[in-house]
Trainee: 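Let me begin by handing over the structure; questions about it come next.
Predicted model only: the values in this text are computed from it and were never measured. One is the number of the first residue; the rest follow in order along the sequence. We count ligands from 1, going down the list as the structure has it; atoms in each ligand are counted the same way.
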Amino acid sequence: MKIISVVGARPQFIKLSSLSKELRKKHKEIILHTGQHYDDELSRVFFSELSIPKPDYNLGIGSFEHGQQTGRMLEAIEEVLLFEKPDMVMVYGDTNSTLAGALAAAKQNIPVAHVEAGLRSFKKSMPEEINRVLTDHLSSLLFCPTPTSVKNLKKEGITKGVYLVGDVMYDSLRENLDVALKKSKITSRLNLQKKEFYLITVHRAENTDTKKNLEKITRIVNSLDRKIVFPIHPRTRKRLSEFRLLERLLSKKDIILIDPVSYLDMLILEKNARCVLTDSGGVQKEAYFLKTPCLTLRDETEWVETLEDGYNKLVGKEKEKVIEAISSLDETKLVRNILQKPQKKESTEAKADVKISQIILEFEEEKC
Ligand code: UD1
Ligand code: UDP
């Protein structure tokens with residue numbers, strides 16, 4: 001199969017990293033980078049650190065309002081599809097690059113495969129929810145990471161082409177954790193002691209785009225009782241400056257405000273943090289895989305399985321909920337072995353990326 005992988009934003013490079021290696025064993029893969037993320041620390045660093053092949057196309061779209069950004073991508077992706085005539089287009093997650101890739105392909109009658117299909121927040125005000133729902137309804141192959149995501153699709157009448165394959169981000173973590181443990185110098189560089197700091201990331205429009213909500217986030221940060229590491233997404237940095245909230249954070253003792261870090265450094269920060277506070281989907285999951293407690297700065301999550309054993313808690317934007325959750329952090333859980341359960345599973349189950357590559361092969365054979 002000739003497959004075009006459409007990516008454009010940070011988490012998509014991580015989802016692509018292990019899958020791309022697997023796809024290339026059986027198929028011809030072309031990587032198309034929309035250019036939605038373009039700063040080195042949101043894009044280039046992942047390609048070099050994770051040895052992802054250089055994109056065959058970089059559309060250089062950049063930042064615009066949703067309609068303009070998605071529309072520009074749609075037009076430019078279509079041009080590549082008309083030229084390359086691929087057998088399939090793979091899209092990842094729920095960004096504007098995901099929707100543009102799926103729509104461009106579907107309109108050209110090219111089968112779409114969606115990695116991380118079926119996730120729902122049931123909140124239409126989230127741009128990601130619109131992207132996910134539409135992409136799933138355009139896809140021929142839907143690769144679901146969790147049982148809940150399969151059920152969500154069934155409720156929307158989607159049952160054909162649905163496969164529960166597991167999580168490609170877990171594959172990437174498994175492949176890179178040992179490397180990160182050997183290579184990353186982030187804890188010594190930032191002078192961090194294990195389990196003695198909080199790690200926070202924030203970038204959702206809901207949390208960053210109004211002064212009221214971003215102020216609530218800064219109140220949470222200012223209430224934390226240990227060192228804080230805060231790698232700031234450019235969207236959030238821009239808003240913090242605009243709303244004059246950056247000064248408030250800078251006045252806090254023991255806060256380390258840094259640019260976004262590389263994936264290997266991020267894994268080490270997540271593994272060693274006393275607790276992670278985040279509104280990121282990927283960071284919630286990685287904290288869960290690494291058995292680090294996580295407080296999710298949202299009222300809902302697409303990754304409901306992470307809530308089951310109490311490692312992940314939804315705290316919204318309320319400082320009081322955060323303080324309460326932190327005071328009840330179970331110290332014994334903090335020293336549990338990382339990846340204990342998943343490692344046992346590994347011997348009997350193929351990884352998500354292997355399953356996806358095989359299913360695509362079978363899809364091709366059925367067509368012939
Ligand atoms: C996007 C995705 C979100 C995903 C996130 C991962 C959509 C609608 N949102 O959000 O689902 O969780 O990526 O990080 O697709 N900017 C820079 N440099 C860059 C990229 C962006 O400075 O390289 C700034 C620009 O001011 C831009 C803003 O960040 O306007 C937002 O970027 P955008 O890609 O639109 O959305 P994200 O918040 O990154
Ligand atoms: N990440 C990273 N550096 C950072 C913050 C996040 O490498 O400074 C990684 C993180 O480990 C995870 C992914 O980016 O693999 C999550 O992406 P993001 O939070 O941007 O988006 P989401 O998952 O919410 O869509």
Side-chain angles (χ1 to χ4, degrees), residues 7-18 33-46 49-50 60-70 72-73 91-101 116 119 121 125-132 135 145 167-173 176-177 180 184 186 199-209 229-242 256-271 273 276 278-290 292 296-298 301-303:
V7 290
R10 172 168 67 185
Q12 294 170 327
F13 311 136
I14 293 153
K15 297 183 218 295
L16 176 71
S17 70
S18 69
H33 185 328
T34 62
Q36 177 170 351
H37 283 177
Y38 43 86
D39 287 346
D40 276 359
E41 62 267 26
L42 287 194
S43 175
R44 195 197 47 79
V45 67
F46 300 102
E49 193 174 63
L50 301 174
I61 299 292
S63 306
F64 293 97
E65 265 309 317
H66 290 280
Q68 198 175 357
Q69 187 182 52
T70 313
R72 285 178 180 224
M73 286 178 191
V91 293
Y92 301 76
D94 55 18
T95 72
N96 288 347
S97 300
T98 316
L99 177 62
E116 281 196 0
L119 296 167
S121 64
S125 58
M126 269 183 94
E128 291 84 0
E129 183 75 355
I130 300 168
N131 293 340
R132 290 178 197 125
T135 300
D167 196 329
V168 290
M169 286 189 82
Y170 179 53
D171 292 341
S172 300
L173 183 146
N176 289 291
L177 186 60
S184 172
I186 190 93
L199 172 66
I200 177 159
T201 80
V202 182
H203 72 275
R204 294 273 161 219
E206 182 199 333
N207 283 337
T208 58
D209 283 7
V229 180
F230 190 172
I232 312 186
H233 188 288
R235 171 188 211 112
T236 312
R237 186 177 282 280
K238 204 169 132 193
R239 295 296 188 205
L240 283 167
S241 306
E242 203 177 306
I256 305 175
L257 298 177
I258 45 177
D259 283 337
V261 296
S262 78
Y263 180 60
L264 298 184
D265 283 346
M266 191 63 182
L267 290 182
I268 295 304
L269 290 174
E270 289 166 345
K271 177 176 161 3
V276 168
T278 191
D279 59 10
S280 154
V283 176
Q284 276 176 68
K285 284 192 288 176
E286 286 161 357
Y288 179 78
F289 296 143
L290 295 164
T292 296
T296 294
L297 303 165
R298 292 176 51 195
T301 178
E302 299 77 22
W303 302 97

Trainee: Check if His66 has a non-hydrogen atom at a distance under 4.0 Å from any atom of ligand 1.
Mentor: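 The answer is yes: ligand 1 sits under 4.0 Å from a heavy atom of His66.
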
Trainee: Select the closest option to atom 11 (O) of ligand 2 among Glu116, Glu302, Glu286, judged by heavy-atom distance.
Mentor: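 Result: the heavy atom closest to atom 11 (O) of ligand 2 is in Glu286.
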
Trainee: Considering only heavy atoms of Pro260, which atoms of ligand 2 have at least one such atom less than 4.0 Å away?
Mentor: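 What qualifies from ligand 2 is 8 (O).
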
Trainee: Mind listing the closest non-hydrogen atom pair of Leu264 and Ala180 along with its distance?
Mentor: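 Result for this residue pair: O-CB, 3.6 Å.
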
Trainee: Show me which atoms of ligand 1 lie under 4.0 Å from any heavy atom of Leu42.
Mentor: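 Answer, ordered by atom number: 19 (C), 20 (C), 23 (O).
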
Trainee: With respect to Glu128, determine whether any N or O atom, backbone or side chain, lies less than 3.5 Å from an N or O atom of ligand 1.
Mentor: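 The answer is yes, given that Glu128 and ligand 1 share an N or O pair closer than 3.5 Å.
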
Trainee: Any idea which of Arg132, Arg10, Gln69 brings a heavy atom closest to atom 35 (O) of ligand 1?
Mentor: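 Answer by nearest heavy atom: Gln69.
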
Trainee: Please report which non-hydrogen protein atom sits nearest to atom 21 (O) of ligand 2, along with the residue it belongs to and the distance in Å to one decimal place.
Mentor: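 Answer for atom 21 (O) of ligand 2: Pro11 CG, 3.5 Å.
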
Trainee: Using a 4.0 Å cutoff against the non-hydrogen atoms of Ser262, which atoms of ligand 2 qualify?
Mentor: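 Within the 4.0 Å cut-off of Ser262, ligand 2 contributes 7 (O).
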
Trainee: Determine the sole option in His33, Gln36, His37 for which the side-chain contact (heavy atoms from CB on, under 4.5 Å) test with Ser97 is passed.
Mentor: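 Only one of His33, Gln36, His37 forms a side-chain contact (heavy atoms from CB on, under 4.5 Å) with Ser97, namely Gln36.
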
Trainee: Are any of the N/O atoms in Thr201 less than 3.5 Å from those in ligand 2?
Mentor: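 There is no such contact.
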
Trainee: Side chain, backbone, both or neither: which part of Val261 comes within less than 4.0 Å of ligand 2 when only heavy atoms are counted?
Mentor: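 The answer is both, backbone and side chain.
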
Trainee: Restricting to non-hydrogen atoms, name the atom on Thr98 and the atom on Tyr92 that form the minimum distance, rounded to 0.1 Å.
Mentor: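 Result for this residue pair: OG1-O, 2.8 Å.
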
Trainee: Verify the distance criterion only: is there a donor paired with an acceptor across the side chains of Tyr38 and Ser63 at less than 3.5 Å?
Mentor: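 Per modelled atom types, Tyr38 and Ser63 side chains form a pair under 3.5 Å.
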
Trainee: Look only at interatomic distance and state if Thr95 has a nitrogen or oxygen under 3.5 Å from any nitrogen or oxygen of ligand 1.
Mentor: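 No, there is no polar N/O contact under 3.5 Å.
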
Trainee: Who's the nearest protein heavy-atom neighbour of atom 13 (C) of ligand 2, and how far?
Mentor: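 Of the protein heavy atoms, Ile14 CD1, 3.7 Å lies nearest.
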
Trainee: Can you tell which part of His233 has a heavy atom less than 4.0 Å from ligand 2: side chain, backbone, both or neither?
Mentor: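 Under 4.0 Å from ligand 2, His233 contributes no heavy atoms.
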
Trainee: Looking only at protein heavy atoms, which one is nearest to atom 22 (O) of ligand 1, and how far off is it?
Mentor: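 Here the closest protein heavy atom is Pro234 CB, 3.2 Å.
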
Trainee: Touching ligand 2 at all, Glu41? Heavy atoms, strictly under 4.0 Å?
Mentor: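 So Glu41 does not count as touching ligand 2.
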
Trainee: Provide the closest heavy-atom pair for Ile268 versus Ser184 in the form atom of the first, atom of the second, distance.
Mentor: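 In this case the closest contact between Ile268 and Ser184 is CG1-CB, 3.6 Å.
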
Trainee: I need the minimum non-hydrogen distance between Gly62 and Gln69, along with the two atoms involved.
Mentor: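 Closest approach of Gly62 to Gln69, heavy atoms only: O-NE2, 3.0 Å.
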
Trainee: For Ser121 and Glu129, test the side chains for any donor-to-acceptor distance below 3.5 angstrom and give the result as yes or no.
Mentor: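 Their side chains do contain a donor-acceptor pair, which is all the 3.5 Å distance test asks for.
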
Trainee: For atom 23 (O) of ligand 2, what is the nearest protein heavy atom, given as residue, atom name and distance?
Mentor: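 It is Gly282 N, 2.8 Å.
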
Trainee: Just distances here: any N/O of Met266 and N/O of ligand 2 closer than 3.5 Å?
Mentor: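 It does not: no N or O of Met266 is found under 3.5 Å from an N or O of ligand 2.
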
Trainee: Write out the residue and atom name of the closest protein heavy atom to atom 4 (C) of ligand 2, then the distance separating them to 0.1 Å.
Mentor: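 Here the closest protein heavy atom is Arg10 NH1, 3.2 Å.
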
Trainee: Starting at CG of Asp167, measure out to CD of Glu286 and round the result to the nearest 0.5 Å.
Mentor: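 Between Asp167 CG and Glu286 CD, I get 9.0 Å after rounding to 0.5 Å.
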
Trainee: With no hydrogens and no angle check, just 3.5 Å: does a side-chain donor-acceptor pair link Glu49 and Ser17?
Mentor: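 Distance-only check fails for Glu49 and Ser17.
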
Trainee: Which ligand 2 atoms, with their elements, are less than 4.0 angstrom from a heavy-atom of Glu270?
Mentor: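 Close to Glu270: 11 (O).
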
Trainee: For atom 26 (O) of ligand 1, what is the nearest protein heavy atom, given as residue, atom name and distance?
Mentor: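 Protein heavy atom at minimum distance: Lys238 NZ, 3.4 Å.
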
Trainee: Which residue and non-hydrogen atom of the protein lie closest to atom 17 (C) of ligand 1, and at what distance in Å?
Mentor: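 Here the closest protein heavy atom is Tyr38 OH, 3.3 Å.
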
Trainee: To check your reading of the model: name the closest protein heavy atom to atom 6 (C) of ligand 1, its residue, and the distance in Å.
Mentor: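 Going by distance alone, atom 6 (C) of ligand 1 is nearest to Pro11 CD, 3.5 Å.
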
Trainee: So if I apply the salt bridge (charged side-chain N to carboxylate O under 4.0 Å, His left out) rule between Asp209 and each of Arg239, Lys238, Arg204, which one comes out positive?
Mentor: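 Result for salt bridge (charged side-chain N to carboxylate O under 4.0 Å, His left out) with Asp209: Arg239.
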
Trainee: Over all heavy atoms of both residues, which pair between Asp259 and Pro231 is shortest? Give the atoms and the distance, please.
Mentor: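 Of all heavy-atom pairs spanning Asp259 and Pro231, the closest is O-CB, 3.8 Å.
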
Trainee: ring-ring contact (aromatic ring centres under 6.0 Å, His included), that's the test. Do Phe289 and Tyr170 meet it? Break it down for me.
Mentor: CA-CA 7 Å; Phe289 296 143; Tyr170 179 53; 4.7 Å; yes

Trainee: Closest non-hydrogen protein atom to atom 4 (C) of ligand 1, residue and atom name please, with distance?
Mentor: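 Ranking protein heavy atoms by distance from atom 4 (C) of ligand 1, first comes His203 NE2, 3.8 Å.
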
Trainee: Name the closest protein heavy atom to atom 1 (C) of ligand 1, giving the residue it belongs to and the distance to 0.1 Å.
Mentor: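 Going by distance alone, atom 1 (C) of ligand 1 is nearest to Gln36 NE2, 3.7 Å.
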
Trainee: Quick one: does Asp39 get an N or O within less than 3.5 Å of an N or O on ligand 1?
Mentor: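 Such a contact does occur with ligand 1.
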
Trainee: Number the atoms of ligand 2 from 1 as they appear, then name those within less than 4.0 Å of a heavy atom of Arg204, with their elements.
Mentor: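 Counting from 1, the qualifying ligand atoms are 22 (P), 24 (O), 25 (O).
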
Trainee: Does ligand 2 have a heavy atom under 4.0 Å from the side chain of Ser172, from its backbone, from both, or from neither?
Mentor: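 Near ligand 2, Ser172 shows nothing, with every heavy atom at 4.0 Å or more.
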
Trainee: If you measure every N or O of Ser280 against every N or O of ligand 2, does any of those distances drop under 3.5 Å?
Mentor: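 N/O-N/O distance below 3.5 Å exists for this pair.
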
Trainee: How does His37 reach ligand 1, if at all, at less than 4.0 Å between non-hydrogen atoms: by side chain, backbone, both, or neither?
Mentor: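 It is both parts that get close, each with some atom under 4.0 Å.
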
Trainee: Show the atoms of ligand 1 that are less than 4.0 angstrom away from any heavy atom in Asn96.
Mentor: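 Under 4.0 Å from Asn96, ligand 1 has these atoms: 7 (C), 8 (C), 15 (O).
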
Trainee: Checking side chain to side chain donor-acceptor pair (under 3.5 Å) against Gln284, which of Thr201, Asp279, Thr301 comes through?
Mentor: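 In the set Thr201, Asp279, Thr301, the residue that makes a side chain to side chain donor-acceptor pair (under 3.5 Å) with Gln284 is Thr301.
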
Trainee: Relative to the heavy atoms of Pro231, which atoms of ligand 2 are at a distance of less than 4.0 Å?
Mentor: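 Near Pro231, meaning under 4.0 Å from one of its heavy atoms, ligand 2 has 8 (O).
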
Trainee: Could you list the atoms of ligand 2 found under 4.0 angstrom from a heavy atom of Met169?
Mentor: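 By the 4.0 Å cutoff, the relevant atoms are 12 (C), 15 (O).
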
Trainee: Among all the protein's non-hydrogen atoms, which is closest to atom 32 (O) of ligand 1, and how far away is it?
Mentor: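 That would be Arg235 NH1, 4.3 Å.
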
Trainee: For ligand 1, which part of Ser97 has a heavy atom less than 4.0 Å away: the side chain, the backbone, both, or neither?
Mentor: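 The answer is neither.
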
Trainee: Would you mind running through ligand 2 and noting each atom that sits below 4.0 Å from a heavy atom of Phe46?
Mentor: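 Numbered from 1, ligand 2 contributes 7 (O).
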
Trainee: Considering non-hydrogen atoms of the protein only, which is the closest contact for atom 27 (C) of ligand 1, and what is the distance?
Mentor: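 Closest protein heavy atom to atom 27 (C) of ligand 1: Ser63 OG, 3.3 Å.
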
